[in-house]
There are 2 protein chains.
Amino acid sequence: MTRRIPQARDRGIPDATVARLPLYLRALNGMAERGTATVSSEDLALAAGVNSAKLRKDLSHLGSYGTRGVGYDVQYLIYQISRELGLTQDWAVAIVGVGNLGRALANYGGFASRGFRIAGLLDADPHVVGDRIAGLVVEHTDELESVIKKRGVSIVVIATPATAAQQVCDRVIAAGVTSILNFAPVVLAVPDGVDVRKVDLSIELQILAFHEQRKANGGPIMAEEWPDGVVM
Amino acid sequence: MTRRIPQARDRGIPDATVARLPLYLRALNGMAERGTATVSSEDLALAAGVNSAKLRKDLSHLGSYGTRGVGYDVQYLIYQISRELGLTQDWAVAIVGVGNLGRALANYGGFASRGFRIAGLLDADPHVVGDRIAGLVVEHTDELESVIKKRGVSIVVIATPATAAQQVCDRVIAAGVTSILNFAPVVLAVPDGVDVRKVDLSIELQILAFHEQRKANGGPIMAEEWPDGVVM
DNA sequence: TCGACTTTGTGCATATCTTCACAAAGGCAC
DNA sequence: GTGCCTTTGTGAAGATATGCACAAAGTCGA
C-alpha cells in the first residue's frame, strides 16, 4: 500500500467522502431538472439522506464552492463534483459475461448518462455470441484483449460465473486494465495498483437478515444465548 | 447518547464486522467443499481478502471459537457465523419489479443456498404479469400486501424504476416489512426501525472512475489543479 | 452604510474501525 | 510431565470518520 504523504495542496479525499459524492450528484441532478438554482447544505443533505455537517465537510474537501448565507449553486456544484469524480470524460466500459445480470447491466440507463459508454459485451458461450443487446453485438471472450485495446476500455465489469472470474480478471489486467467492478461471488486476487470493487447481492441480503433477526428476537437483550448444548 | 454498558455477554457486533461475516462464510464454504477440516486465521484471512488480525477480532465478537495452536474448525465456524447472521432460518423474500434486474435477481443462485427463498415476484406491467420466471409466476403489484401477509415475507427487494420505488416502499412498510434491499436509484424515506440497504450499480462505477482518473493523471501528485479559469 | 439574518466552513470532541504486538492457551513430541 | 511450537484473543495505539457548535462571511432590506 502506498504511503500517503500529505501534499501542499492535499488532494487526498477520504474514501468515505468519495463514496458519497455520487449520492450528492444524483440529488443535485434531480434538483437541476426541477429548475432549482441554489441549494443549502441542509436541503441537499436531506435529499441525499445524510447529515448536513457531513455534507459540508465532504464538499469542503473539494474546495470552497458555497456562498455563505445563500448555499451552493446547483449547476456549478454538479460540475465540480463531476470533475472530481472524473465524469467529465468518457469512460469505455466492457462487460464480460452476458447472463441475466450482464444483460441487466447492459440495459441499465444509469451508465450512459454519467459518462460510462459500454464499448463491448463479451461471453464465452457460442449461443450468446452474436446476440444484439442494448445496441451491441455480443463478442466471444477470445476477443477480450483486442476489444480492450482497440476500443480503449479502461474499466471492466465482470458478470461471469464465479469459476471464470479470476481467469477473466487476470486477462484484463494483463491487457492493461486497472479498474474492475466484480459481480462474481469470489475474492479476486490482483496485483498492487489494480482497483477492484465488488457488488455482492447475497451479502446485502445476509446483512439485512442479521438485523431482521435482531429485531425479531425482542430487541438488543437476548435472553438465552445457548439454548442447549451446541458442542463441537 | 446511550452509553454502552458492556453486558456480561456483549451482543453488540460492530457493523463493519457484520458486513464481513458473509465474506468469511463464503470462504469457509469453499474450504468445506474441498474437505478442509480446520483453518488458521492467517489462511482464512487470505481467502477472504482481509488482514488476519481483523479476522480474529471479528470472530472474537461472536465468541471464542478457535483453538490456540490449531485454528478454527471449519464446520463449526460455518455454523456459528450462519447462526449469528440468521441464516439457519428460512427467509421469505419478495422481489418487486421484474425488469432485467429483477429477472437477474430471481435467477441468481446465491440466494436459495443461504436460506433466502423467493416467495413472490411482482410487477405493475400487465404484459409481465403471468410470466413464469425461476419457477414462479409473476403477480400484479395490486397483490403486494396480500402476498407479503400470506407468505410471511419479511424482506423485500425493490427493483422497480426510480419513480415507483418510494410508493412500493411505503406500501411494504405499511404491510409490516422492516427490511428492504433497494436497487432503485433513489434515497428512500423510511420511518425509524426500518432497515434499508442500497445497491447502486452506477455509484460503484463512479468510485472506480475517481480512482482511475487519479492513476491516469500521473499518480498522487497532480501538477496543475486549476488548468484555467473555471469561474462561476 | 449598517445591522439583522442566513448559511458556510471548520476546530474540536467523540465514536468507530484498523492494526500491531504479545501474553496466554493449547497441541504435540519425547 | 516438560518444554517447544503454533496460533488465538485482546489491550493499546493509531487512523478514520462523524457530528456538534460556532465564528466568519456573505446577502439583503432599509
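Throughout, a chain's letter reflects where its sequence line sits, starting with A, and its residues are numbered from 1.
Summarising the geometry, the separation between CG on A:Leu55 and C1' on D:dA17 is reported as 15 Å, rounded to the nearest angstrom. Regarding B:Tyr76, its OH atom lies at a distance of 15 Å from the C1' atom of D:dT8, rounded to whole Å. The CD1 atom of B:Ile13 sits 15 Å away from the C1' atom of C:dC17 (whole-angstrom rounding). Straight-line distance from the CG atom of A:Asp15 to the P atom of C:dC17: 15 Å, rounded to whole Å. Per the geometry, CG belonging to A:Leu59 stands 16 Å off P belonging to C:dT7, to the nearest Å. The interatomic distance linking B:Asp73 (CG) with D:dT8 (P) rounds to 13 Å, in whole Å.
Within the 3.5 Å criterion, the main-chain N or O of A:Gly86 finds a donor-acceptor partner in the side chain of A:Trp91. Of the possible donor and acceptor atoms, one in the side chain of B:Gln166 sits under 3.5 Å from a partner among the backbone N and O of B:Ala189. In this structure, A:Asp43 contributes its side chain and A:Val39 its backbone to no donor-acceptor pair below 3.5 Å.
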Taking only nitrogen or oxygen atoms into account, show me every contact under 3.5 Å that the protein makes with nucleotides 18-20 of chain D, one pair per line with its distance.
residue, atom, partner, partner atom, Å
D:dT18, OP1, A:Arg20, NH1, 3.3
D:dT18, OP2, A:Arg20, NH1, 3.1
D:dT18, OP2, A:Arg20, NH2, 2.9
D:dG19, OP2, A:Lys54, NZ, 3.4
D:dG19, O6, A:Lys57, NZ, 2.5

Grab the N/O contacts between the protein and nucleotides 27-30 of chain C below 3.5 Å, and write none if there aren't any.
none

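DNA chain C lies under 4.0 Å from at least one heavy atom of each of the following residues of residues 33-49 of chain A: A:Ser40, A:Ser41.
Within the 4.0 Å cut-off from OP1 or OP2 of C:dG9, at least one side-chain nitrogen or oxygen of A:Tyr72 is found.
We find that A:Arg214 and B:Glu84 are joined by a salt bridge, their nearest charged nitrogen and carboxylate oxygen being less than 4.0 Å apart.
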